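One structure is given here, and the rest of the page talks about it.
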Amino acid sequence: MEVQRISENGFEELWVNMGPQHPASHGVFRMQIKVEGENIKEVIPHIGYLHRGVEKLGETVNLVQFMPMLDRDDYLSAISNEFPLALAVEKLAGIEVPEKAEYLRVISAELMRIASHLVFLGTFCLDMGGALGGGTTIFLYTFREREKLLDIIEKWTGSRMHPNLISFGGVRYDLYPEFDKDLKTFLDDFEKKIEEYEGMLGNNSIFLARTKNVGILPKEVAMGYGCSGPVLRGSGIKFDLRKANPYSVYNKFEFEIPTGENGDVYDRYKVRMEEMKQSVRILRQAVDGIPEGPISSQMPVKVAAAVKAPAGEIYSAVESPRGENGVYLVSDGKPTAYRLKLRTPSFYNLSAIPYLLKGALIADVVAILGSLDPVFGDVDR
Amino acid sequence: MNVWIKSLIYSVPILLVVFTIVAYLTWLERKFAARMQSRIGPYYVGRPHGWLQPLADVLKLIVKEEITPKNVDKLIFNLAPFVFLFAAMLVYTVLPFSENIIISDLSVGILAFIAISSLSIMGAFMAGWSSNSKYPLISAIRGGAQIVSYEIPLLLAIVAPCALAGSLKTTEIVKAQKLWFILYPVVGQISFLIFLIAGLAEENRTPFDIPEAESELVAGFTVEYSSMKFALFYAAEYAHLLALAGLGTVLFLGGWKGPFLPGPMWFAIKSLALFLFILWIRWSYVRLRIDQLLKFSWKFLFPAGVLNLLLTGLIIILK
């Protein structure tokens, strides 16, 4: 039998498949990459390997039942998925939320933001440094901290990653008695750990060489693709829904919105590092200011169909660790939504990948993809 | 004595010892890395601390199915791991474990070491080319580019101690070290640093493990290999690294010399210390990019090596 060699037609140009099973594809993402030597000429991204029809599910199950499903959408930061749906239904139905519940929502959202950014940092370094190198070290360090954080969430809600915490009109679980102490111990420890990461990465000339001036996303392009979150802020646009359109009780806290300058991989990394520090700041203020009161304005429902949103349509969005996470809810007054559209940030951030990869090198692919921090549950829905 | 009998007497024990050490180096590396990363590492296979883990690994690899993919160039594909291993093992012939324990005390020992050790890229390239697959091909091309760039700084770094000792014979170099060459003012440290960096690059170790960058090229030139053929690549890589640590010991750390303990012990201790140092580097750095790697070699290491050699020459003349 005649063996066909891949280099038969010359190997100046090769189509290389990256994914869906690939050590650095961050989930199930496939890229067809046309390379000329090490240079990338063309990229065709393929998504949809994790499509679960969440939006359609939202039209078939009751709103109350949909909340835990939505948790699994962006599976690294469940709270920021629950949040916009709760805001939408509450606004539509005119449900008041007690202040204590708002504080608990903010605390949980910021905890999840830290957890999510820690996963970003770990996997990003894993891609850059390899599973058999310095990358693993940082990966395991970040997961060590994340573990402590998830323990707190587990102690509070009984679940580590998908707590199903937010209910319409408040939150489901009250804090446990020593929560303050646990959280403060964690935060004190975590602030030192951030310095440790920065010492390992920020002063490491190899890391800087790999990230600076790589994958530059100019302001206009970032806006054009609809990017949001750290990707947009890394490009130098100061847009954060927590400040731009304050929801919940975010306007009561002092925090800054870090932005980058060049829009390169390093800036996106730096923005996320700074955001973790700001989240610590918010958490410190929030945990000291939790008011007394009920945690929900609604009575617990026995029948899921009892919660109805009045007819109408509404869009509400929150700032998730990945960007603007929105829910567009059309209700016809029944317990299920008539149409439920999710505006997931990862999808829009990822759409910039053909632009970013053109002209880059093979080694940059993993750095750039990692810096966008896509979660494929969030992309494919 | 008949040369064949002599080489058999020496090489069989050395082969066995090296293979055992290599197997346990993987265990050591895993334990070491685990400690760095606040983990425990292998624990359950053989208490205490998973000391049977290497044996389990070898057994597992042996009983795995041996697959030769359909479209590969069969002869080259099957030969490649052995070429890789051959180059890694042959360099032990010129390493002096003590004053008398050396297989072949060639008068051009260092040159032989370098010449044989660069053959290992042939194994990698054969594997990459014959696999008829894209990731291995890219990996092999990267490997070729890398070794061409790093061979020169490595040689330049090695020539400095050789010049100081006035010989290319490994035993002579050790004997010439009244003071370890790493402690020799200026040139000793510079050439040791260049040797370490270029050596890491030649061995494909992080931060220079670009040919087998698993987050980009999955497993580089070993993608299509399975079972023992795959294991041979890994064993060879560790054996090669150990040999490099041995060479570093000979050139810079005074070889077998040391008080109280017998020569081979000192040689082992120093080589192991150097090996652990290399591991330490491996588990704390991220990887460079291929263009940065080549730039670093040609624009920094190469000029530094040449200057260092000139300085060495100047010192020798002035003496």
Side-chain angles (χ1 to χ4, degrees), chain A residues 1-8 11 14-19 21-26 33 35 37-39 123-145 200-201 204-211 214 360-367 369-370, chain B residues 29-30 33-39 69-74 77 128-142 145 200 204-210 212-220 223 234 237 279-296:
Chain A
M1 197 191 78
E2 193 63 24
V3 172
Q4 202 196 340
R5 296 206 57 90
I6 50 161
S7 50
E8 204 148 78
F11 54 92
L14 279 181
W15 277 102
V16 178
N17 244 325
M18 267 201 180
Q21 275 85 38
H22 188 277
S25 64
H26 274 252
I33 300 173
V35 291
E38 291 271 334
N39 300 306
T123 51
F124 179 59
C125 294
L126 198 61
D127 290 346
M128 306 258 299
L132 299 173
T136 340
T137 310
I138 296 176
F139 176 76
L140 286 159
Y141 286 172
T142 59
F143 269 62
R144 179 182 62 194
E145 263 58 77
M200 244 181 125
L201 297 169
N204 182 340
S205 54
I206 297 179
F207 179 79
L208 295 181
R210 281 296 303 276
T211 52
V214 169
L361 298 172
I362 293 180
D364 292 336
V365 173
V366 290
L369 182 63
Chain B
E29 167 152 31
R30 288 168 72 172
R35 282 292 158 206
M36 280 188 68
Q37 300 170 345
S38 59
R39 301 184 280 129
K70 209 159 104 193
N71 276 358
V72 299
D73 207 329
K74 284 204 177 53
F77 183 81
W129 181 258
S130 65
S131 290
N132 198 11
S133 174
K134 286 167 189 174
Y135 288 128
L137 186 66
I138 297 174
S139 155
I141 294 169
R142 281 182 173 189
L200 280 175
N204 301 336
R205 301 296 283 192
T206 317
F208 306 107
D209 59 340
I210 287 155
E212 44 176 284
E214 73 287 318
S215 51
E216 300 147 30
L217 302 179
V218 190
V223 163
Y234 263 67
E237 204 172 273
L279 290 193
W280 186 24
I281 295 175
R282 178 187 189 178
W283 293 102
S284 13
Y285 277 100
V286 296
R287 182 186 302 125
L288 270 169
R289 213 168 57 197
I290 181 87
D291 60 322
Q292 292 162 345
L293 178 91
L294 300 184
K295 230 178 260 170
F296 181 64

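The chains referred to below are lettered A, B, ... by the order of the sequence lines, with proteins before strands, and numbering in each begins at 1. None of the values given here were measured: they were computed from a predicted structure. Atoms considered below: every heavy atom in the structure, side chains included; atoms not considered: hydrogens, waters and symmetry mates.
With rounding to the nearest 0.5 angstrom, the CZ atom of B:Phe296 is 13.5 Å from the CG atom of B:Asp291.
Only the side chain of B:Ile290 has a heavy atom closer than 4.5 Å to any heavy atom of chain A. Heavy atoms of A:Phe207 lying under 4.5 Å from chain B belong to its backbone as well as its side chain. Interface remark: A:Arg210 contributes backbone and side-chain atoms alike to the contact with chain B (heavy atom separation under 4.5 Å).
When A:Leu201, A:Val365, A:Asn204 are compared by the number of non-hydrogen pairs under 4.5 Å with chain B, A:Asn204 comes out ahead.
Between B:Glu29 and B:Arg282, at least one side-chain nitrogen of the basic residue sits less than 4.0 Å from a carboxylate oxygen of the acidic one, meeting the salt-bridge criterion.
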Evaluate side-chain contact (heavy atoms from CB on, under 4.5 Å) for A:Ile33 paired with A:Trp15, printing each intermediate quantity in order.
CA-CA 6 Å; A:Ile33 300 173; A:Trp15 277 102; 5.9 Å; no
Output, in order, the C-alpha distance, side-chain angles, deciding distance and verdict of side-chain contact (heavy atoms from CB on, under 4.5 Å) for A:Met18 and A:Ile362.
CA-CA 10 Å; A:Met18 267 201 180; A:Ile362 293 180; 4.2 Å; yes
